[in-house]
Amino acid sequence: MTMTSPKVAAKPLTRAERKAALLADLEQQRVDILVNSDHLLRASAPLDRHWRSLKIPLYVIGGVAAFRLIRHPGGAMAAGRKALAGYMLFRKFKLLARVTS
């Protein structure tokens with residue numbers, strides 16, 4: 001004779017209880033997002049300060065590069081072809097290394 005314990009059926013939550021639980025979860029997620037965003041802003045503040053100090057020189061360098069590209073597009077095309085050839089060569093060597101090992 002085996003003794004089995006009667007299973008207690010869990011009473012399903014009402015619609016209002018489910019809604020309240022979901023709203024509580026959403027509120028907790030909002031609080032977590034606010035805390036994490038504040039942490040991110042504090043952690044990235046030094047990077048933002050340095051970025052602001054580099055922004056003007058980078059704009060000037062980009063402008064000079066764009067001006068040279070407009071004046072002499074052949075040089076940029078040649079550099080692009082060399083970069084593409086180097087990338088393709090790198091991929092071939094990588095594939096060769098994978099095959100041989």
Side-chain angles (χ1 to χ4, degrees):
M1 186 162 106
T2 60
M3 294 283 291
T4 59
S5 63
K7 292 188 178 183
V8 177
K11 184 178 176 185
L13 297 175
T14 65
R15 182 181 172 123
E17 290 170 336
R18 286 191 317 234
K19 183 178 178 180
L22 287 173
L23 288 174
D25 286 345
L26 285 173
E27 186 62 30
Q28 183 59 46
Q29 289 175 1
R30 288 184 186 119
V31 169
D32 290 342
I33 288 172
L34 286 173
V35 169
N36 289 336
S37 67
D38 184 55
H39 179 70
L40 177 66
L41 287 174
R42 289 174 192 236
S44 65
L47 294 173
D48 288 340
R49 275 195 306 275
H50 292 301
W51 170 248
R52 285 188 202 113
S53 67
L54 291 175
K55 196 185 286 188
I56 300 289
L58 287 176
Y59 283 155
V60 170
I61 291 170
V64 169
F67 182 73
R68 288 193 56 162
L69 179 64
I70 290 170
R71 297 281 300 195
H72 306 288
M77 292 297 287
R81 281 194 298 270
K82 288 177 184 176
L84 181 61
Y87 172 71
M88 296 302 288
L89 187 64
F90 171 74
R91 284 186 53 196
K92 290 292 181 184
F93 281 140
K94 190 174 171 183
L95 179 65
L96 182 63
R98 192 179 325 148
V99 169
T100 58
S101 62

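Residue numbers count from 1 along this sequence.
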D25-Q29 side chain donor-acceptor pair, cut-off 3.5 Å: no
Quick one: does any side-chain atom of T14 pair with a main-chain N or O of E17 as donor and acceptor, under 3.5 Å? yes
Once rounded to the nearest 0.5 Å, what's the spacing between atom [atom1] of [X] and atom [atom2] of [Y]?
X   : Y   : atom1 : atom2 : result
K92 : L95 : NZ    : CG    : 6.5 Å
E27 : D32 : CD    : CG    : 10.5 Å
L84 : L89 : CG    : CG    : 11.0 Å

Please list, one pair per line, the donor and acceptor atoms closer than 3.5 Å that link side chains of residues 53-74 to other protein atoms, with sequence neighbours excluded.
from, atom 1, to, atom 2, distance (Å)
S53, OG, H50, O, 2.7

Which heavy-atom pair separates T100 from A97 by the least distance, and what is that distance? OG1-O, 3.2 Å
